[in-house]
Amino acid sequence: MKRLCTLLIIISFLTSGTFAQQAKSVILIYLDGGPSQTDTFDPKPDATRDIYGNLKGFCQTNVPDIILGEKLPLLAKIADKYSLIRSMTHGANGHETGHYAMITGDLSGGSVVYPSYGAVISYIKKDSYKGILPPYISLTAANNRFNEGGFLGNAYKSFDTGGAPEKGFFEVEGIINRFVKPDDFKKRTQLLKDFELQNKVTKTPEYTLLVDSFRRVNTEFIFGESRRAFDLSSESKEVRERYGMHRLGQSCLAARKLVEAGVPFINVRTTGWDTHKKHFQRMNEMLPELDQALSALLADLDEKGLLESTIVVCGGEFGRTPRVLWEAPWNGGRAHFGKAFSYLVAGGGFIPGKVLGKTDKTGEEIIERKVYPADLIGTIYQLMGIDPKGTLPHISEGALPILPSLGKQGQSNGLLYEIIKK
Amino acid sequence: MMGQVTNSEDFSNPIRFQGKETESRCSDAVFLRRTYLVMTGQLPAAGQAQVFLESKKADKRSLLIDELLESEAYVKYMVMRWGDILRIKSEFPSNLWPNGVQAYNRWLYEKISSNTPYDVFVRELLLSQGSNYRSPAVNFYRAFLKRTPENIYQNTTLLFLGNRKFNDQGYLCFSQIKYKTSKEWKEEIIYIDNQLKPVVKSVKINKNSAIPLTAGEDWRKAYTDWLTDKQNRRFAAVMANRMWFWVFGKGIVQEPDDWGAHNPPSDPALMNLLTDRFIDSGYDMKSFFKLILNSDLYQSESYTGSLFASRRMPAEVLVDALADMTGISDEYRSRVPEPFTIYPQGTRAVDLGDATVSSTALELFGRVSRDISLESQRSDALTSRQLLYLMNSSELEERIRKSPVLNDICKRERNIPGICREITLSTLSRFPTQEEIALYRKYAETNQLSLRNLASEILWTQINSIEFLYIH
């Protein structure tokens, strides 16, 4: 069955070559917890204080008619490098369902658990991607709210780097080990080899062959190119500071280095966006870091000529209520809002300097061009050269659509042709 | 054919080794480690291993089997196995929520520790009603994302008959199930709407069986009566094969949830015999385990193509073994309810009971996500990335270097043969060979290592060895 499905996928690729691949890599900057669109990408300075809260100001960007929240001045200077979607919607207000929707595009409510788009991309690119690094990497850890591999299985889940890139020494789990020097590593692998030569318990030679080949690959992995791809100390102080010496900034810098190494999907996950309480205080702390890191990443990719082939996506599992909850216990907080929120997209075939979709004057209703998760993810697939109407193999159900919601009333509103290059 | 049971005599006297030409009996050390791992999900402690290996009792293997089946670790490991196929987790897609997860696990624990007969166990699950917090078995019905009678029926047949049934009307037996919420946070009541009129008088399940649907009654009962009837051999066979699969790593019907004419048992006589035994015992799971663990088939060596499939240790078991050997456990987190919960140091992965609670290492080694009720969702294949973690993870290296277990061993033993014995017993469940001791001694001398640093190198070597990673 599996083989048949793979064959079907190959055939569907050969027959549906109506679009060209424009992007080679995706960087997803995931604002875990659900960021407030009102204070970032869809400000409402003309509304009342119940909407804009303590952040009434805004930034005029370098694109006429586009404004951003007052805490994003650096991004405002380069609005011609990205586009905004102000009409994202899925209606789910629970973290797990919102996250599932935004990371799989599936709103069908079926009994099948879909893989995340990172897992799908690493599955489809598994033969064409030749790099030694894993095809799907999370800085520093993926969100484990559901099984990201979905029905494709664990093999396509992300590689979590662990460690803290903002510290002087970025320790990458399994690759860069602060305790063991390369010479000591070589000595102990020789000990292991000698130990196994004597061993009489193992009677399955195929395991010996398998394990030996993995050990060889891993040794290459530990000492070779991969080490350099994660080595932030090879970047100048100036570059590191441009991104910001915090977790998000240095993760974005690491993401750029991984794009240079050819990794197809990089997930930069930043937490703390679930701001039910102390919302405005938290925005004052977090938005400058986001502004610095994201603007540095976009500008740097652009200067290096990488933005054309790299998609940058930024958003969370949902937005937050445009209406501020002033009462106790929230005391000026914002709750979950899956009805209307914003995403930023850039590069890799997305047309920059545009705004897609529109919310009303309070931001509580979408009044123009709803965008569902499947529309965004399907567009990313298409730009990555993957047919959004293709299929994936399921262990017991045969071939399933890659995006079951795409094209369904109430779950999809069409791919984002308005903001992609022909 | 290897492993073929030609008559029931071979099997009824399983302790005596029959001396089949193709099979040779595994060593005590292999038997010890294998049995601990498959029945309890744990390695024997060094002391336990030493006592067993040095015992001169002729029946020490069957005594160990009895002892392990009475242990708490056996119960907990079975709760984990059931939790996988019943899809127990707090969040998506089962969404049982922590209260429901705990109630369900506690219920399973009680059922398994009292060795409830399998048919009674299934009846309690399928006939459950009430609140998901007060009547734990109803979580069986709550753990469905798609709560249609068709989906519930297909999942029920997958679990208890070994495949999803699409083509009969059996789903009508589940059409009275209704859900309602209460004022308690995330509480849900599952009840039977007995006002519903049956759309047909009886449901035809197969050529020979029809289940009557009587107005005013719980139709699940008629279905469950049919399902658990002794005449329904498939019901017993599927569970017998599942238990065989849990022990041997490979079902007589493989995959164990892919039954049907397209996939016959590899050894029909053996499958029949096991089914008879399971039914005759009154669906006694413990005595079934006892039967197969005492058999020659189980106690023979494993090699390429043998009946006992050697395989990588399952994720939870491996991660727990690393915690036991270093004395420092992994850190497990739950994201629901907020604020997030961090589990106390010493928590065992086997006992988590909730696929929403996890750690990076557990995910890496392929812990089951509990999204579907298929045994095949657990992959015990070794990957390059898993080996990378064992070879060169700072996190693991730190645990080895700081290990209070190794500190104790070095303080107690004070010499190379002593630490070799203790580490090898706890990691590989056997004594070290003279050659191994000589190898470590030479390594320590060449690299001028202290005893404690040598202990770290020995443990690193052993946990990276094929002997450790696989169940042989």
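Predicted model only: the values in this text are computed from it and were never measured. Residue numbers start from 1 in every chain, and the chains themselves are labelled A, B, ... in the order their sequence lines are given, proteins ahead of strands.
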**Q** Mind ranking B/Asp257, B/Leu428, B/Asp258, B/Asn151 by heavy-atom pairs under 4.5 Å with chain A and telling me who comes out on top?
**A**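 Result: the option with the highest number of such pairs is B/Asn151.
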**Q** Apply side-chain contact (heavy atoms from CB on, under 4.5 Å) to A/Val180 and B/Arg401, showing your working.
**A** CA-CA 11 Å; A/Val180 186; B/Arg401 291 190 181 206; 3.9 Å; yes
**Q** Would you confirm whether A/Glu196, through its side chain, and B/Ile466, through its main-chain N or O, come within 3.5 Å as a donor-acceptor pair?
**A**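 Flag set: sc A/Glu196 to bb B/Ile466 pair under 3.5 Å.
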**Q** So how far is it from A/Tyr114 OH to B/Asp371 CG, rounded to the nearest 0.5 Å?
**A**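 Rounded to the nearest 0.5 Å, the OH-CG separation comes out at 13.5 Å.
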**Q** For B/Ser302, which atoms come within 4.5 Å of any heavy atom of chain A: side chain, backbone, both, or neither?
**A**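 Only the backbone of B/Ser302 comes within 4.5 Å of chain A.
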**Q** Quick one, B/Trp460 with A/Thr189, criterion side-chain contact (heavy atoms from CB on, under 4.5 Å). Give me CA distance, side-chain angles, the key distance, then yes/no.
**A** CA-CA 10 Å; B/Trp460 180 88; A/Thr189 36; 3.9 Å; yes
**Q** Against chain B, work out which of A/Val112, A/Asp160, A/Ile175, A/Leu210 has the most heavy-atom pairs shorter than 4.5 Å and name it.
**A**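 Of the options given, most contacts go to A/Ile175.
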**Q** What part of A/Ser158 lies closer than 4.5 angstrom to a heavy atom of chain B: side chain, backbone, both or neither?
**A**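 Just its backbone gets close to chain B.
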**Q** Measuring heavy-atom distances to chain B, does A/Asp194 have an atom under 4.5 Å in its side chain, in its backbone, in both, or in neither?
**A**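 When you check distances to chain B, atoms from both the backbone and side chain of A/Asp194 fall under 4.5 Å.
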**Q** Are A/Lys187 and B/Glu457 close enough, and set up right, to give a salt bridge (Lys or Arg N to Asp or Glu O under 4.0 Å), and what steps lead you there?
**A** CA-CA 10 Å; A/Lys187 280 179 197 155; B/Glu457 295 302 299; over 6 Å; no
**Q** Side chain, backbone, both or neither: which part of B/Tyr443 has a non-hydrogen atom closer than 4.5 Å to chain A?
**A**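 Looking at B/Tyr443, just its side chain touches chain A.
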**Q** So which of B/Asn447, B/Thr446, B/Thr461 actually passes side-chain contact (heavy atoms from CB on, under 4.5 Å) with A/Leu191?
**A**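 Per the side-chain contact (heavy atoms from CB on, under 4.5 Å) rule, the option paired with A/Leu191 is B/Thr461, out of B/Asn447, B/Thr446, B/Thr461.
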**Q** Give a yes or no on whether the backbone of A/Tyr207 and the side-chain of B/Tyr470 come within a donor-acceptor separation of less than 3.5 Å.
**A**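 Side chain of B/Tyr470 to backbone of A/Tyr207, a donor-acceptor pair under 3.5 Å: no, none is there.
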**Q** Please step through side-chain contact (heavy atoms from CB on, under 4.5 Å) for the pair B/Met391 and A/Thr219, ending with a clear verdict.
**A** CA-CA 9 Å; B/Met391 287 170 86; A/Thr219 306; 4.1 Å; yes
**Q** At a 4.5 Å cut-off on heavy atoms, which part of A/Ile176 comes close to chain B: side chain, backbone, both, or neither?
**A**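 It is the backbone, since no side chain atom gets that close.
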**Q** Does atom CD (A/Glu220) have a neighbourhood of more than 12 heavy atoms from anything else shown, all under 6.0 Å?
**A**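 It does not: A/Glu220 CD has 12 such atoms or fewer within range.
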**Q** Measure distances from B/Leu390 to the heavy atoms of chain A and classify the residue's part below 4.5 Å as side chain, backbone, both or neither.
**A**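 Answer is neither: B/Leu390 stays 4.5 Å or more from chain A.
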**Q** For the residue pair B/Ser394 and A/Glu173, what are the closest heavy atoms and their distance?
**A**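 Reported closest heavy-atom pair: N-OE2, 4.1 Å.
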**Q** Could you tell me which portion of A/Ala155 (side chain, backbone, both or neither) has an atom closer than 4.5 angstrom to a non-hydrogen atom of chain B?
**A**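 A/Ala155 touches chain B through backbone heavy atoms alone.
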**Q** For the candidates B/Pro93, B/Ser465, B/Ser369, B/Gly366, which exhibits the highest count of non-hydrogen atom pairs separated by less than 4.5 Å from chain A?
**A**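 Of B/Pro93, B/Ser465, B/Ser369, B/Gly366, B/Ser465 has the most heavy-atom pairs under 4.5 Å with chain A.
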**Q** Using non-hydrogen atoms only, which part of A/Tyr100 is less than 4.5 Å away from chain B: side chain, backbone, both, or neither?
**A**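 Only the side chain of A/Tyr100 comes within 4.5 Å of chain B.
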**Q** Heavy-atom count check: over 12 atoms from other residues, nucleotides or ligands less than 6.0 Å from A/Arg178 CZ?
**A**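 Atom CZ in A/Arg178 is packed in, count exceeds 12.
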**Q** Which one, B/Glu398, B/Gln386, B/His472, leads in non-hydrogen pairs under 4.5 Å with chain A?
**A**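 Of the options given, most contacts go to B/Glu398.
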**Q** Quick one: what part of B/Arg367 sits under 4.5 Å from any heavy atom of chain A, side chain, backbone, both or neither?
**A**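 Only the backbone of B/Arg367 comes within 4.5 Å of chain A.
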**Q** For the backbone of B/Ser384 and the side chain of A/Asn218, can you confirm whether one donor and one acceptor N or O come within less than 3.5 Å of each other?
**A**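 Indeed, once roles are kept as given, a pair shorter than 3.5 Å links the two residues.
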**Q** If you tally heavy-atom pairs under 4.5 Å against chain A, which of B/Thr148, B/Leu145, B/Leu364, B/Leu387 wins?
**A**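 Of B/Thr148, B/Leu145, B/Leu364, B/Leu387, B/Leu387 has the most heavy-atom pairs under 4.5 Å with chain A.
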**Q** The test is side-chain contact (heavy atoms from CB on, under 4.5 Å); show your working for A/Phe151 and B/Ile372 and say whether it passes.
**A** CA-CA 9 Å; A/Phe151 61 79; B/Ile372 40 172; over 6 Å; no
**Q** Tell me, side chain or backbone of A/Val211 under 4.5 Å from chain B's heavy atoms, or both, or neither?
**A**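 For A/Val211, backbone and side chain are both near chain B.
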**Q** Answer yes or no: are there more than 12 heavy-atom neighbours, outside B/Lys250 itself, under 6.0 Å from its atom NZ?
**A**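 It does: B/Lys250 NZ has more than 12 such atoms within range.
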**Q** Select, from A/Val201, A/Thr208, A/Asp184, A/Thr97, the one with the greatest count of heavy-atom pairs under 4.5 Å involving chain B.
**A**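 Result: the option with the highest number of such pairs is A/Val201.
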**Q** Among B/Thr356, B/Leu469, B/Asn155, B/Asn464, single out the residue with the greatest number of heavy-atom pairs under 4.5 Å to chain A.
**A**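 Option with the top pair count is B/Asn464.
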**Q** What part of A/Phe185 is in contact with chain B, defined as an atom under 4.5 angstrom from a non-hydrogen atom: side chain, backbone, both or neither?
**A**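 Side chain only.
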**Q** Pick one of side chain, backbone, both or neither for A/Asn143, based on which atoms fall under 4.5 Å of a heavy atom in chain B.
**A**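 Contact with chain B involves both backbone and side-chain atoms of A/Asn143.
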**Q** Pairing donors with acceptors under 3.5 angstrom, does anything connect the side chains of A/Asn177 and B/Glu397?
**A**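 Per modelled atom types, A/Asn177 and B/Glu397 side chains form no pair under 3.5 Å.
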**Q** Top residue by heavy-atom pair count (under 4.5 Å) with chain B, among A/Asn199, A/Val172, A/Val217?
**A**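 Of the options given, most contacts go to A/Asn199.
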**Q** For A/Glu206, is the CD atom crowded, meaning more than 12 foreign heavy atoms sit under 6.0 Å from it?
**A**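 Counting neighbours around CD of A/Glu206, more than 12 heavy atoms of other residues, nucleotides or ligands fall under 6.0 Å, so yes.
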**Q** Of the backbone (N, CA, C, O) and the side chain (C-beta and beyond), which part of B/Arg430 lies under 4.5 Å from a heavy atom of chain A, both, or neither?
**A**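 For B/Arg430, the side chain is the part near chain A, not the backbone.
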**Q** Less than 4.5 Å to any heavy atom of chain B: does that hold for the side chain of A/His95, its backbone, both, or neither?
**A**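 Contact with chain B involves the side chain of A/His95 alone.
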**Q** For the OG atom of B/Ser456 and the CZ atom of A/Phe179, what is their distance to the nearest 0.5 Å?
**A**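 The OG atom of B/Ser456 sits 11.0 Å away from the CZ atom of A/Phe179.
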